[in-house]
Amino acid sequence: MDKQHDYALQFKDVSFYYNPPQSILDKLSFHINKGEFVSIVGASGTGKSTIFRLLVGLEQPTEGSIFLNGDRETNRLGKVGYMPQKDLLIPWRRVAENVALPLEGKNRDYNKQFVLNRLKDFGLEDVANKYPHELSGGMRQRVSFLRATLTGSNLLLLDEPFSSLDAMTKLYMQEWLLEQWNETKSSIVFITHDISEALFLSDKIFVISDTPIQMIEEIEVPLKRPRNRQQLDEPSLINLKNELINRFKMKVT
Ligand SMILES: Nc1ncnc2c1ncn2[C@@H]1O[C@H](COP(=O)(O)OP(=O)(O)OP(=O)(O)O)[C@@H](O)[C@H]1O
Ligand SMILES: [Mg+2]
């Protein structure tokens, strides 16, 4: 049997341009196994968000194929949970109604209390009836994140989901995400600029170093689960973290 059926997602020789001839992806192949938590790191502008835009069907590859759960999918819109880098909250819907959006499609009588409980988990119960423009950047980010987790897809793509959060909220959200991941056995792809975050959360870190992206370097995180943050202070982890940080420094300077 074709091995690709074991994968949550797969790119096969995918090329992509926004404005030819400037290529963003050049015959890129990679896959993510079912149930894996993978972080993508790389300098700004290298094409990380573009990979997500291709995966969710907002863009189409110029060449090559994208597989979801083993099937070659040309119509990918609405098939994966997606939190874009810039939140797409609907301005005329209140917070609770924005969060409930993925539930409405499946079941018009979704449980309003369920949505309120989830908002409570995130300290957002007081803003349930507010509109997005009335929220802080960090609140908007949490609403957008919550909405993405409710799509019920077994694949969740999160584009810098915690970048606007204060340090404490960010730690809380990381723990919450790991709990959800444990419960749902979904596959998660997580773009971040925070190397410690990537190390704490992921099974593997995908490093993107050049545009056009021709290959992705995959680094296994050498930590068992369940994890605690003290493990990040072990010498081998500090070395790995510094190695990753230095790689980006070279790109910037
Ligand atoms: N809609 C678009 N039209 C044309 N070019 C675009 C578009 N979106 C992104 N680009 C370009 O494609 C390249 C990759 O952008 P992308 O947003 O994927 O980068 P990124 O790795 O996510 O960066 P960051 O870390 O800053 O979010 C950049 O050079 C960017 O300017
Ligand atoms: Mg981006």
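All values below were derived from every heavy atom in this structure, side-chain atoms included, with hydrogens, water molecules and symmetry-related copies excluded. We're numbering straight along the sequence, starting at 1. We count ligands from 1, going down the list as the structure has it; atoms in each ligand are counted the same way.
The residues Glu160 and Lys86 are annotated as not salt-bridged, no charged nitrogen and carboxylate oxygen being separated by less than 4.0 angstrom. We find that Asp87 and Arg140 are joined by a salt bridge, their nearest charged nitrogen and carboxylate oxygen being less than 4.0 Å apart. In this structure, Glu197 does not pair ionically with Lys241, as no charged nitrogen and carboxylate oxygen lie closer than 4.0 Å.
Less than 4.0 angstrom separates some heavy atom of Ile24 from each of these atoms of ligand 1: 12 (O), 13 (C). The contact set between ligand 1 and Thr50, taken as ligand atoms under 4.0 Å from a residue heavy atom, comprises 14 (C), 15 (O), 16 (P), 18 (O). Annotation for ligand 1: atoms under 4.0 Å from non-hydrogen atoms of Gly47 are 14 (C), 16 (P), 18 (O), 19 (O), 20 (P), 21 (O). Heavy-atom contacts of Glu160 reach the following atoms of ligand 1: 25 (O), 27 (O) (cutoff under 4.0 Å).
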Which pairs of donor and acceptor atoms, one on a side chain in residues 220-227, lie under 3.5 Å apart (sequence neighbours left out)?
from   : atom 1 : to     : atom 2 : distance (Å)
Arg225 : NE     : Asp203 : OD1    : 3.2
Arg225 : NH1    : Leu201 : O      : 3.2
Arg225 : NH2    : Leu201 : O      : 2.8
Arg225 : NH2    : Asp203 : OD1    : 2.9
Arg227 : NH1    : Leu199 : O      : 3.0
Arg227 : NH1    : Phe200 : O      : 3.0
Arg227 : NH1    : Ser202 : O      : 2.9
Arg227 : NH2    : Ser202 : O      : 3.0
Arg227 : NH2    : Leu223 : O      : 3.1

Would you tabulate the side-chain donor-acceptor contacts of residues 114-123 under 3.5 Å, counting partners in other chains and residues two or more places apart, or write 'none'?
from   : atom 1 : to     : atom 2 : distance (Å)
Asn117 : OD1    : Gln113 : NE2    : 3.3

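For ligand 1, one of its N or O atoms has an N or O atom of Ser44 under 3.5 Å away. Looking at Thr46 next to ligand 1, an N or O pair under 3.5 Å apart turns up.
Residue Tyr82 holds its OH atom at 6.0 Å from CG of Asp159, rounded to the nearest 0.5 Å.
For atom 28 (C) of ligand 1, the closest heavy atom belonging to the protein is Gly45 O, 3.7 Å. Atom 10 (N) of ligand 1 has as its closest protein heavy atom Tyr18 CE1, 3.4 Å. The single protein non-hydrogen atom nearest to atom 17 (O) of ligand 1 is Ser49 CB, 3.7 Å, given as residue, atom name and distance.
Considering only heavy atoms from C-beta on, Leu55 comes within 4.5 Å of Ile51 through its side chain. The side-chain heavy atoms of Thr169 and Arg142, taken from C-beta on, include a pair separated by under 4.5 Å. With contacts defined as side-chain heavy-atom distances shorter than 4.5 Å, the pair Asn98/Pro132 qualifies.
Among pairs with a residue in residues 168-184, those fulfilling salt bridge (charged side-chain N to carboxylate O under 4.0 Å, His left out) read Lys170-Asp194, Glu175-Arg229, at least two apart in sequence or across chains.
Contacts between Asn19 and ligand 1, counted as non-hydrogen atom pairs separated by less than 4.0 Å, involve the side chain only.
Not a single protein heavy atom sits closer than 4.0 Å to atom 30 (C) of ligand 1.
Around atom 20 (P) of ligand 1, the closest heavy atom drawn from Gln85, Lys48, His193 belongs to Lys48.
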Assess whether side-chain contact (heavy atoms from CB on, under 4.5 Å) is satisfied between Glu63 and Asp13, documenting all intermediate values. CA-CA 7 Å; Glu63 268 183 85; Asp13 294 324; over 6 Å; no
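For the Mg ion (ligand 2), the count of nearby protein N, O or S atoms, meaning those under 2.8 Å away, is 2.
Two rings, from Trp181 and Phe190, have their centers 6.0 Å or more apart.
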